[in-house]
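Worksheet: the structure to be examined is printed underneath.
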Amino acid sequence: MIREDSFGVVLFESVSHALRAEKIMKTENIPCKLIPVPRRLSSDCGVCMRFSAAQREQVERALAGKLEHFEIVML
């Protein structure tokens, strides 16, 4: 069971990848928000994309084949 307040983040190699992913999410009507990378995580880019844990599969499908070099971390 997924808690309502749980979320995941997508880590990127660059800000341009984060911006492209945000555009893809908007096109797919998947709510998301660009935020600073949490301190306990490391990333080449200082920006990550936050999304609801319940939408992990949708996020993975939306980014697959459209964006390379990303990592999804559930928090």
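When reading the values below, keep in mind they use all heavy atoms of this one structure, side chains included, and skip hydrogens, waters and symmetry mates.
To the nearest 0.5 Å, the span separating NZ on Lys26 from CD1 on Ile30 amounts to 13.0 Å. Summarising the geometry, atom OG belonging to Ser14 is positioned 8.5 Å from atom CG belonging to Leu19; distances are rounded to the nearest 0.5 Å.
Among residues two or more places apart in sequence or in another chain, the side-chain contact (heavy atoms from CB on, under 4.5 Å) test is passed with Ala21 by Phe12, Met49, Leu63, Leu67. The side-chain contact (heavy atoms from CB on, under 4.5 Å) search around Val73 returns Val9, Leu11, Leu41, Glu71, Leu75, not counting sequence neighbours. Applying the salt bridge (charged side-chain N to carboxylate O under 4.0 Å, His left out) test to Lys66 and every residue at least two apart in sequence or in another chain returns Glu28. Qualifying side-chain hydrogen bond (donor to acceptor under 3.5 Å, both in side chains) partners for Thr27, counting only residues two or more places apart in sequence or in other chains: none.
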Donor-acceptor contacts, no H, no angles, side chain residues 54-61, under 3.5 Å, sequence neighbours left out:
from: Arg56; atom 1: NE; to: Glu60; atom 2: OE2; distance (Å): 2.6
from: Arg56; atom 1: NH2; to: Glu60; atom 2: OE2; distance (Å): 3.2

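Pro36 and Cys48 make their closest contact through O-SG, 3.8 Å (heavy atoms, listed as atom of the first residue, atom of the second, distance).
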Can you list the steps and then say if Arg20 with His17 is a side-chain contact (heavy atoms from CB on, under 4.5 Å)?
CA-CA 5 Å; Arg20 188 173 340 146; His17 285 180; 3.7 Å; yes
